[in-house]
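See below for the structure under consideration.
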Amino acid sequence: MTFCEFLSDHLNQIVLQGLALAVSALFLLSTGTQPGVVALLSLVLLLIFSAAQAAEFWKRKRRLEELYAVMEGLDQKYLFSECVPLPRETYERRLFDLMGRSGRAMIGAVSNAQAAQREYREYIESWVHEIKAPITAAGLICNHAEPKLRRRLLQELGQIESHVERALFYARAESPEKDILIRQVALKEIGDQAIASHRALLIQSGIQVETEGLEQRVYTDEKWAVFILSQLLQNAARYRREHPADEPNAGEGAVTDKPDAGGEQNPRIRLKARTLGKLVQLEVSDNGMGIAAHELPRVFDRGFTGSNGRSRGGSTGMGLYLCRRLAGSLELEIEIRSREGEGTAVTLTFPAREIRQE
């Protein structure tokens, strides 16, 4: 609180005191009191009034500073009404009582909301595990269908499973500490699992997957890292450039440890790992549609689909959003580079064990 703010709040009181002083001076003059005496009395009263206002200002200023210090020291600000120092006046006591009642009501509402959110998360996790059984059964039934229909059905089932998996990790992202298990794992294991889970999609899209340097070992949660990499593979497959042969041929969709000697026009995804001091970087690059420069800063925003998503249809705008959110929980850095019409590269930087222990 500044002195000007204090004067503004007490303007009516100050004006009233000034009028009382003026009326008193006029009364004394009308009764024959000497002007010098009146002036002296007026000056004394003015000094008393000013001292009283100054004392009140410093009292309130110190009280506000004390309350601000309490607020700044709280991690959970909504508990302020429960931790505030004892009130010093009746008015302050009544005011704090109202604040306390309001704070307790809010804490109750927050607790109820957290309980409802926890129950919803548990329901989603249970539902995901239950829905996987009929999806697996449907995939087995597809084995009896004719080849072309089987490929189409398996591709659609793969999309359903991807959406289900995304819902599961979205729910788990609310309280990652309950699900994350950090351990040392080879990038090759993470890459192999992500590629295997989307092999049908990659083959159907005619995409060649190249790997390089995946013998590096990192410290992360394997399950969450596989999910992040899977989202990046799905995006690369979904936003591949059109090419003459859209049907899979022999050799397409394979995984190799060497760069493709063929033309760069064929759909390609490259997983390349390299060390950077105590860090390990995994770059997932493709030669797909790329992202427009003005859309690139927003690709990690929740629900953002962009022109590519609108043109291909069916995009939810949740894939990269979840990648960044889960990467933050794993203490991974995620960066994206892209040029429209040339391709996209996403870099994941894994922290070293020494950094986690510091």
Side-chain angles (χ1 to χ4, degrees), residues 1-121 173-177 294 297-298 300-304 317 321 324-325 328-329:
M1 171 184 283
T2 65
F3 190 67
C4 291
E5 291 173 339
F6 175 82
L7 291 179
S8 176
D9 289 343
H10 292 76
L11 183 60
N12 292 338
Q13 182 180 354
I14 294 172
V15 170
L16 183 61
Q17 289 176 348
L19 289 176
L21 183 60
V23 169
S24 299
L26 290 175
F27 175 76
L28 291 174
L29 289 173
S30 65
T31 58
T33 306
Q34 302 236 347
V37 175
V38 173
L40 181 60
L41 288 174
S42 299
L43 179 60
V44 171
L45 290 176
L46 182 61
L47 290 175
I48 292 174
F49 290 157
S50 299
Q53 295 296 335
E56 182 67 16
F57 166 72
W58 286 111
K59 175 184 174 182
R60 298 202 174 193
K61 188 175 186 298
R62 285 195 302 271
R63 182 60 169 169
L64 283 176
E65 289 174 350
E66 180 184 9
L67 296 178
Y68 272 116
V70 172
M71 174 64 80
E72 293 300 322
L74 291 175
D75 293 330
Q76 298 171 336
K77 307 298 184 185
Y78 59 86
L79 295 176
F80 173 75
S81 60
E82 303 297 326
C83 302
V84 72
L86 293 176
R88 300 172 180 174
E89 302 172 352
T90 301
Y91 175 78
E92 194 176 77
R93 184 163 51 251
R94 301 296 186 191
L95 185 61
F96 284 2
D97 179 61
L98 292 175
M99 289 174 54
R101 291 164 62 183
S102 174
R104 286 188 290 272
M106 185 186 65
I107 291 173
V110 170
S111 299
N112 292 336
Q114 289 177 340
Q117 187 180 42
R118 185 167 53 253
E119 291 176 1
Y120 178 74
R121 176 180 178 272
E174 296 296 328
S175 52
E177 68 283 350
H294 67 278
R298 300 182 59 195
F300 290 115
D301 292 351
R302 183 176 182 273
F304 179 74
Y321 165 75
R324 184 180 65 173
R325 188 168 179 181
S329 299

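Side chains included, hydrogens not; waters and symmetry mates left out as well; all remaining heavy atoms used.
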[atom2] on [Y] to [atom1] on [X], rounded to 0.5 Å:
X: Thr90; Y: Leu95; atom1: OG1; atom2: CG; result: 12.5 Å
X: Asp301; Y: Arg324; atom1: CG; atom2: CZ; result: 6.0 Å
X: Leu21; Y: Leu26; atom1: CG; atom2: CG; result: 9.5 Å
X: Phe49; Y: Ser42; atom1: CZ; atom2: OG; result: 10.0 Å

**OP:** Mind listing the closest non-hydrogen atom pair of Leu29 and Thr33 along with its distance?
**Re:** CD2-O, 3.9 Å
Subject >> Heavy-atom closest contact (Arg298 atom, Phe304 atom, distance) >> reply: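 Shortest heavy-atom separation between Arg298 and Phe304 comes out as O-CD2, 3.3 Å.
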Subject >> Donor-acceptor pair, side chain of Asp97 and main chain of Arg93, under 3.5 angstrom >> reply: no
Original post:
Hey, does the side chain of Ser102 reach the backbone of Leu98 with a donor-acceptor pair shorter than 3.5 angstrom?
Top reply: no
**OP:** Identify the residue among Leu41, Leu47, Ile48 that makes a side chain to side chain contact (heavy atoms under 4.5 Å, CB included) with Val44.
**Re:**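 Exactly one option meets the side chain to side chain contact (heavy atoms under 4.5 Å, CB included) with Val44, and it is Ile48.
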Subject >> Sub-4.5 Å side-chain heavy-atom contact between Leu28 and Val37 >> reply: no
Original post:
Would you say Gln53 and Gln13 make side-chain contact, with heavy atoms under 4.5 Å?
Top reply: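 They are in side-chain contact.
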**OP:** Quick one: which residue pairs count as a salt bridge (Lys or Arg N to Asp or Glu O under 4.0 Å) with a foot in residues 31-57, not counting sequence neighbours?
**Re:** Glu56-Arg60
**OP:** Inspect the contact between Glu65 and Arg62 and indicate whether a charged nitrogen and a carboxylate oxygen are less than 4.0 angstrom apart.
**Re:**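 No, Arg62 and Glu65 are not salt-bridged.
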